[in-house]
Amino acid sequence: NNTVYVAGQIGNYAMLYTNYDGISQPSTLLSAANSVFVKDNNVYAAGEEVSSGIGKAKIWKNGSATTIFQDNTRMTSVFVTDKNVFAVGETGTNGAFGIFNATLWKDNIPSLLSQKRSLANSVFATATDVYVVGWEDANANGTSAKAILWKNGILQVLSNNYSIAN
């Protein structure tokens with residue numbers, strides 16, 4: 001199959017493109033599709049919808065919403081294996097203006113990867129391991145972000161300089 005899929009936005013709305021044409025607008029709310037993954041002729045997109053200023057992480061499967069998560073969440077990446085759907089992003093722990101923490105969802109069940117200000121940007125999984133990359137900020141002010149790899153939930157700092165992993 002030579003089909004090319006791209007996740008994105010048109011205006012303020014999530015959009016999935018195939019072969020460079022917009023194929024579906026999975027949301028009528030302010031939204032973004034941040035990642036797309038194709039498995040067994042199913043197209044998964046991860047992103048968020050915003051209603052009344054509150055973001056909710058969302059997964060669309062074949063253009064239809066399959067899961068809407070709790071308030072103050074956002075997904076940045078999705079990866080599907082034969083048995084599981086993995087997604088990563090962030091979860092707000094203190095409301096809309098609180099600290100956001102890197103989060104891994106496995107089959108819709110969230111797990112915080114960090115208690116510090118952080119964001120998970122990408123996920124990859126094998127039959128035995130789950131790899132997540134992103135960043136963590138020890139100062140919670142955005143000035144000391146460090147690139148991070150979480151392998152099976154275990155944190156590994158990739159750089160001690162200001163850095164971000166995608």
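All values reported here derive from a predicted model rather than from experimental measurement.
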Please step through ring-ring contact (aromatic ring centres under 6.0 Å, His included) for the pair F124 and F79, ending with a clear verdict. CA-CA 6 Å; F124 175 82; F79 189 90; 4.9 Å; yes

Give the C-alpha distance, both sets of side-chain angles, the deciding distance and a yes or no for side chain to side chain contact (heavy atoms under 4.5 Å, CB included) between K56 and V50. CA-CA 6 Å; K56 291 185 179 187; V50 178; over 6 Å; no

Apply the test salt bridge (charged side-chain N to carboxylate O under 4.0 Å, His left out) to residues K146 and D137: give CA-CA distance (whole Å), side-chain angles for both, the deciding distance (0.1 Å), then the verdict. CA-CA 6 Å; K146 294 180 181 177; D137 185 358; over 6 Å; no

Does the side chain to side chain contact (heavy atoms under 4.5 Å, CB included) test come out yes or no for T91 and Q70, once each step is laid out? CA-CA 9 Å; T91 298; Q70 74 259 22; 3.5 Å; yes

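Residues T73 and W105 meet the side-chain proximity criterion, which asks for heavy atoms closer than 4.5 Å. Side chains of W135 and K116 form no contact here, defined as non-hydrogen atoms less than 4.5 Å apart. Proximity of Y5 to L16: side-chain heavy atoms (C-beta onward) are nowhere separated by under 4.5 Å. Side-chain contact between Y13 and M15 is absent, with no heavy atoms from C-beta onward closer than 4.5 Å. For the pair V85 and I59, the minimum side-chain heavy-atom distance is below 4.5 Å. A heavy-atom distance below 4.5 Å is not found between the side chains of E49 and L30.
Distance check: I148 CD1 to L119 CG gives 12.0 Å after rounding to the nearest 0.5 Å. Distance check: L104 CG to L113 CG gives 5.5 Å after rounding to the nearest 0.5 Å. Between K106 atom NZ and N84 atom CG the span is 4.5 Å, to the nearest 0.5 Å. The CE atom of M75 sits 12.5 Å away from the CZ atom of F86 when rounded to the nearest 0.5 Å. With rounding to the nearest 0.5 Å, the separation of CZ in F100 from CZ in R117 is 9.5 Å. Summarising the geometry, atom OG belonging to S31 is positioned 8.5 Å from atom CD belonging to E48; distances are rounded to the nearest 0.5 Å.
With hydrophobic clusters built from ILVMFWY side chains whose heavy atoms lie under 4.5 angstrom apart, L149 shares a cluster with V132.
Scanning for side chain to side chain contact (heavy atoms under 4.5 Å, CB included) contacts around N152 gives D129, V130, with sequence neighbours left out. When the side chain to side chain contact (heavy atoms under 4.5 Å, CB included) test is applied to N161, the partners found at least two apart in sequence or on another chain are S159.
The shortest heavy-atom contact between V123 and S77 is N-OG, 3.4 Å. Residues N42 and N62 share a closest heavy-atom pair of OD1-ND2, 2.9 Å. Nearest approach of A120 to A102, heavy atoms of both residues: N-CB, 3.6 Å. Of all the heavy atoms in P110 and N108, the pair that sits closest is CD-O, 3.5 Å. Between I164 and A147, the shortest heavy-atom contact is C-CB, 3.9 Å. Of all heavy-atom pairs spanning Y44 and V80, the tightest one is CD1-CG2, 3.6 Å.
In summary, the side chains of N101 and S114 do not present any donor paired with an acceptor at a separation below 3.5 Å, with no hydrogens or angles considered. T103 and E90 are not linked by any side-chain donor-acceptor pair at a separation below 3.5 angstrom, with hydrogens and angles left out of the test.
Of the possible polar contacts, none joining the N166 side chain to the S122 backbone as a donor-acceptor pair under 3.5 Å is found. The closest donor-acceptor contact from the side chain of S52 to the backbone of I54 lies at 3.5 Å or more, if one exists at all.
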